[in-house]
Asker: 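Sharing a structure here in structure tokens format.
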Amino acid sequence: MHQDVTEILFTTDEIDACVKRMGAQISADYAGQKVLLITVLKGAFIFMADLARAIKGDVEIDFMAVSSYGAEAKSSGIVRIIKDLESSVEGRHIIIVEDILDSGLTLKYLSKNIKSRNPLSIEVATLLLKEGKQQTDVKCRYVGFICPDEFVVGYGLDYAERYRNLPYIGILDERVYS
Ligand code: IMP
Ligand code: MG
């Protein structure tokens with residue numbers, strides 16, 4: 001275990017089983033239909049890579065990068081698009097792939113933005129959902145794990161760009177950021 005991690009919340013095997021389950025559910029729900037997976041960079045990149053391979057059927061992938069203004073530790077709800085999609089969303093089935101839903105403000109902005117481009121349908125798949133933290137009513141059809149209200153890293157999730165490569169999800173030692 002990494003020295004800055006105080007506890008492993010989800011092991012590699014648990015994540016693997018969870019992502020396969022989500023992939024199977026998506027495969028069943030979209031049987032015979034094409035889906036465009038919109039990955040929110042950078043945190044969701046590993047989740048997306050595994051989720052895409054767990055989905056049977058026709059999948060396309062695109063990326064979006066956003067950043068929240070304001071304090072780094074908390075979402076302000078004001079989101080800036082750093083990298084936009086290359087694909088057209090109009091008339092397509094969209095799944096937004098997120099690493100973690102905390103306040104939900106980033107996702108709220110994103111889904112509103114994508115909805116305005118007239119998709120046929122839009123759903124959200126998030127690997128982690130922080131319990132009781134959501135400040136908005138963003139609906140998430142596919143949820144991997146419910147996560148305690150701690151700062152977590154690994155499997156794509158970072159603190160100051162570090163720890164994304166950890167193969168598990170763990171709680172970051174508060175001493176690293178306080
Ligand atoms: P929200 O707008 O508050 O829902 O924040 C969502 C974004 O903040 C996520 O997509 C992550 O990039 C980041 N984030 C929130 N909580 C954590 C955490 O515990 N670890 C790492 N990143 C986090
Ligand atoms: Mg993110």
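One-based numbering, in listed order, for ligands and for the atoms of each. The chain is numbered in sequence order, starting from 1.
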Asker: Does some non-hydrogen atom of Leu172 fall short of 4.0 Å from ligand 1?
Answerer: no

Asker: Is the shortest heavy-atom distance from the side chain of Met48 to the side chain of Val40 under 4.5 Å?
Answerer: no

Asker: Flag the pair Ile95 / Ile38 as yes when at least one side-chain heavy-atom distance between them is below 4.5 Å, and no otherwise.
Answerer: no

Asker: If you measure from atom 7 (C) of ligand 1 to every heavy atom of Leu110, Ile100, Val79, which option wins on shortest distance?
Answerer: Ile100

Asker: Taking distance alone, with no angle check, do Gly104 and ligand 1 share an N/O pair under 3.5 Å?
Answerer: yes

Asker: Using a plain distance cutoff, I'd like to know if Phe151 has any nitrogen or oxygen under 3.5 Å from a nitrogen or oxygen of ligand 1.
Answerer: no

Asker: Quick one: look at Asp158 and ligand 1, take heavy-atom pairs under 4.0 Å, and tell me if it's side chain, backbone, both or neither.
Answerer: backbone

Asker: Could you walk me through whether Asp62 and Ser87 satisfy the side chain to side chain donor-acceptor pair (under 3.5 Å) test, starting with their C-alpha distance in whole Å, then the side-chain angles of each, then the deciding distance to 0.1 Å, before giving a yes or no?
Answerer: CA-CA 7 Å; Asp62 207 342; Ser87 328; 2.5 Å; yes

Asker: For residues Leu120 and Arg92, determine if any side-chain heavy atom of one lies less than 4.5 Å from a side-chain heavy atom of the other.
Answerer: no

Asker: Numbering the atoms of ligand 1 from 1, which are under 4.0 Å from a heavy atom of Glu150?
Answerer: 19 (O)

Asker: Is a side-chain donor-acceptor pair under 3.5 Å present for Tyr142 with Asp29?
Answerer: yes

Asker: Out of Glu98, Lys130, Lys108, indicate the one that has the non-hydrogen atom closest to atom 16 (N) of ligand 1.
Answerer: Lys130

Asker: Between Cys147 and Leu129, is there a side-chain heavy-atom distance shorter than 4.5 Å?
Answerer: no

